[in-house]
Amino acid sequence: MKDKEKLNFSIRQPVVAGSFYSADKDVLARQIDGFLARAEKTKIEGDFKMLILPHAGYDYSGQTAAYGFKELTDRNIKTVILIGPSHQDWFSGAAFTNYDFWQTPLGKVEIDKELRQKLIQENKNIFIREQAHENEHCLEVILPFLQKTIRNYKILPIIIFQANDKFLSDLAQMLKKHLTDQDLIIVSSDLSHYPAYKDARQVDQKTIQGILTGSVSGFEKAIQENMTQGLPNLDTCACGEEPIKVGLYLAEEMGWNGTLLNYANSGDFSGDFSQVVGYAAIAFGDNQGTEKETLTMEDKQILLKIARQSIENEFSKKEININKNEISEQLKQPQGAFVTLNKNGQLRGCMGRIVEEKEPLYQVVAEMAKVAAFEDTRFYPMGKEEMKEVKIEISVLSPLKKITDPFREIEIGKHGVIVSARGGSLSAGGHGALGGQKGGVFLPQVAIENNWDLEMFMNELCEHKAGLPRDIWKTGDIDIYIFSAEVFGE
């Protein structure tokens, strides 16, 4: 009877084995094991519920994807809902597959037919469409990694092509209704397509920050700002824009927070920097990532306005006119902050205060904006005509935490780090040295911008920022502090 039942099963055969990944079972298993061994496991607080992962050939994006799958070890998962974009079929809505199993060189994975049927019955724009899956790679490449990291699970593959925001929001609501604690969402998307290496890093950083806002509006704003720059060969900021929006609608509904696990682009692996594709591994879940943001969207807009007015008024030697009625109680609290100025995608100034015991946050931002524009010794003082080309970014710092084990306590992409000579004071700060002593600071986004791991991040901080021996952070002979930052910009 069992043999007869097996003959009735329909199985989707792999279509990109041998091109996007090896068709040889043993070679494929060894390659994935290598990716996972090289990926560092992130110390995520709480339980993550969703991953956003790349889907290029393993030689290019496999290492980045491994940072997400590394987090699946020891997880008991019932159903993995896979959501990706269509690269070769054109339709409106969300397409399911009618197969019972999907096959890879590592074996079969069962489809969650019960959940598939429930979703199809709830919305006419969700349907079976085999041609959407026939030659599509974006979900298939996820499966071998799943097969190497978890057991006894089912999958539900969903392909989206054209869909308006209402449908994407509706789909998120339907998924929310059926999600259990043992289910996982994986959104499949690469980032920027085909700009030069340097441009890709700039574009992808903004896109990632947009995703990490946890909101569709923040994501859309980042994409719009990227595309209006007119960068050569930038076709898209995220090929899975619609699937990412479904994930973000769900994150908003569930109150999930995001954490960047890893970033790279194809140039990091191919050596071709002329035209690249960007990749990120991002996790979303409960009580995860950086600390909960304390500033409202209105607070952030007020701080950005104050920073710009502070610089502009300096040209005319006018005092900045701050409407105290706009200043919330949070903005009146003493808090450290950095103001970063970027012109045409390049750094134009960055200065800040790490610790602030007396001045309120809004005043710190006003003062640091002027210092970044006119007193950052790496640059000439800013000219009035430059202001229209300058974009302002603000990083509001959390309280400092002194640590003793940087290998265990520093999370790349989440923590900024300060190093200082033993017993020094942290009462002053800037873009480099601290209060005249040997010391330095890197904001959390520095690691993302440069694609540094922990060792490179700390080596560069100690040697080039603090003027200390390159590996002194490993010896325990310096003071090390960590902080997180709320980062936002114009």
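Numbers here are sequence positions counted from 1.
- Counting non-hydrogen atoms of other residues, nucleotides and ligands closer than 6.0 Å to CG of Asn152 gives a total of 12 or fewer.
- Under the 3.5 Å distance criterion, the side-chain polar atoms of His464 are left unmatched by any main-chain donor or acceptor of Glu460.
- Of all non-hydrogen atoms in Phe48 and Glu71, the two that sit nearest each other are CE2-CB, 3.2 Å.
- Within 6.0 Å of the OH atom in Tyr58, the count of heavy atoms belonging to other residues, nucleotides or ligands exceeds 12.
- In this structure, Glu389 and Arg348 have side chains that are not in contact, with every pair of non-hydrogen atoms separated by 4.5 Å or more.
- Inter-residue side-chain proximity for Ile211 and Ile244 is flagged as met; some heavy-atom pair is nearer than 4.5 Å.
- With a 4.5 Å cut-off on side-chain heavy atoms, Pro157 and Ile111 count as touching.
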Inset, instruction - Evaluate the criterion side-chain contact (heavy atoms from CB on, under 4.5 Å) for residue pair Leu146 and Leu72; output intermediate values, then yes/no. - result: CA-CA 8 Å; Leu146 288 176; Leu72 295 183; 3.7 Å; yes
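- Between Glu114 and Lys154 there is no salt bridge, since no side-chain nitrogen of the basic residue lies less than 4.0 Å from a carboxylate oxygen of the acidic one.
- Atom CE in Met50 sits 10.5 Å away from atom CG in Leu179 (nearest 0.5 Å).
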Inset, instruction - Start with the C-alpha gap between Phe145 and Tyr21, add the side-chain angles, then the distance that decides, and say whether ring pair (Phe, Tyr, Trp, His ring centres under 6.0 Å) holds. - result: CA-CA 11 Å; Phe145 273 101; Tyr21 58 87; 9.4 Å; no
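- When atom types are taken as modelled, the side chain of Gln88 and the backbone of Ala132 share a donor-acceptor pair closer than 3.5 angstrom.
- Taking 4.0 Å as the cut-off between side-chain N and carboxylate O, Asp170 and Lys166 count as a salt-bridged pair.
- Using a 4.5 Å heavy-atom threshold, the side chains of Ile32 and Leu36 count as touching.
- Separating the CD atom in Glu241 from the CG atom in Leu248 is a distance of 10.5 Å, to the nearest 0.5 Å.
- Ala280 and Ile208 get closest at one heavy-atom pair: CB-CD1, 4.0 Å.
- Under the 3.5 Å distance criterion, the side-chain polar atoms of Lys70 are matched with a main-chain donor or acceptor of Ala39.
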Inset, instruction - Please report the C-alpha distance between Val187 and Val246 in whole Å, then the side-chain angles of each, then the deciding distance to 0.1 Å, and finally whether the side-chain contact (heavy atoms from CB on, under 4.5 Å) criterion is met. - result: CA-CA 9 Å; Val187 174; Val246 174; over 6 Å; no
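- Ser189 places no side-chain N or O within donor-acceptor distance of the main-chain N or O of Ala238, the cut-off being under 3.5 Å.
- We find the CG-CG distance between Asp235 and Asn233 to be 7.0 Å, quoted to the nearest 0.5 Å.
- Of the possible donor and acceptor atoms, none in the side chain of Tyr279 sits under 3.5 Å from a partner among the backbone N and O of Gly62.
- Checking Tyr481, Phe457, Trp473 one by one against Phe442, the ring-ring contact (aromatic ring centres under 6.0 Å, His included) holds for a single residue, Phe457.
- Between Phe483 and Leu443 there is a side-chain heavy-atom pair separated by less than 4.5 Å.
- One N or O on the side chain of Asp204 and one on the backbone of Ser192 form a donor-acceptor pair closer than 3.5 Å.
- Enclosure of atom NZ in Lys343 by more than 12 non-hydrogen atoms of other residues, nucleotides or ligands within 6.0 angstrom is indicated.
- Between Cys138 and Pro85, some side-chain heavy-atom pair lies under the 4.5 Å cut-off.
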Legend entry - CA sep, side-chain torsions, deciding dist, call: Ile142, Val80, side-chain contact (heavy atoms from CB on, under 4.5 Å): CA-CA 10 Å; Ile142 302 293; Val80 182; 5.8 Å; no
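- Here the side chain of Arg116 pairs a donor or acceptor atom with the backbone of Thr97 at under 3.5 angstrom.
- Between the side chain of Glu242 and the main chain of Leu168, no donor-acceptor pair closer than 3.5 Å is present.
- When only modelled atom types and interatomic distance are considered, Asp190 and Ser61 share no side-chain donor-acceptor pair under 3.5 Å.
- Around the CG atom of Asp405, the shell of radius 6.0 Å holds more than 12 heavy atoms that belong to other residues, nucleotides or ligands.
- Nearest heavy-atom pair, Ile11 versus Gln103, reported as atom, atom and distance to 0.1 Å: CG2-CB, 3.7 Å.
- One distance of note links CG of Asp299 with CD of Gln330; it measures 7.0 Å at 0.5 Å rounding.
- The aromatic rings of His87 and His137 lie tilted to each other, with the angle between the two planes from 30° to 60°.
- Closest approach of Ala65 to Leu53, counting heavy atoms only: O-CD2, 4.0 Å.
- Considering every non-hydrogen atom in both Tyr249 and Ala172, the closest pair reads CB-CB, 3.6 Å.
- Expressed to the nearest 0.5 Å, how far CD of Gln182 lies from CD1 of Ile77 amounts to 9.5 Å.
- Remark: the backbone N or O of Leu397 is paired with a side-chain donor or acceptor of Gln335 at under 3.5 angstrom.
- For the residue pair Ala307 and Ile394, the shortest heavy atom distance occurs at CB-CD1, 4.3 Å.
- For NZ of Lys113, the number of neighbouring non-hydrogen atoms (other residues, nucleotides, ligands) closer than 6.0 Å is greater than 12.
- Checking Gln31 against Asp59 by side-chain atom types alone, a donor-acceptor pair falls below 3.5 Å.
- With contacts defined as side-chain heavy-atom distances shorter than 4.5 Å, the pair Arg201/Asp268 qualifies.
- We find that Glu225 and Lys391 are not joined by a salt bridge, their nearest charged nitrogen and carboxylate oxygen being 4.0 Å or further apart.
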Inset, instruction - Please step through side-chain contact (heavy atoms from CB on, under 4.5 Å) for the pair Leu175 and Ile81, ending with a clear verdict. - result: CA-CA 9 Å; Leu175 293 175; Ile81 299 169; 4.0 Å; yes
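- Taking CZ of Arg38 as the reference point, atom CG of Asp453 lies at 13.0 Å (rounded to 0.5 Å).
- The number of heavy atoms from other shown groups lying within 6.0 Å of CD (Gln224) does not exceed 12.
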Inset, instruction - Evaluate side chain to side chain donor-acceptor pair (under 3.5 Å) for Asp112 paired with Tyr153, printing each intermediate quantity in order. - result: CA-CA 9 Å; Asp112 191 330; Tyr153 63 95; over 6 Å; no
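- Side-chain contact annotation: Gln147 with Thr104, donor-acceptor N/O pair under 3.5 Å present.
- Counting heavy atoms from C-beta outward, Lys148 and Phe69 have side chains that stay 4.5 Å or more apart.
- Note on Arg12 versus Glu130: no salt bridge recorded, every NZ/NE/NH1/NH2 to OD/OE distance being 4.0 Å or above.
- Listed for the Ser169 side chain is no donor-acceptor partner under 3.5 Å among the backbone atoms of Asp165.
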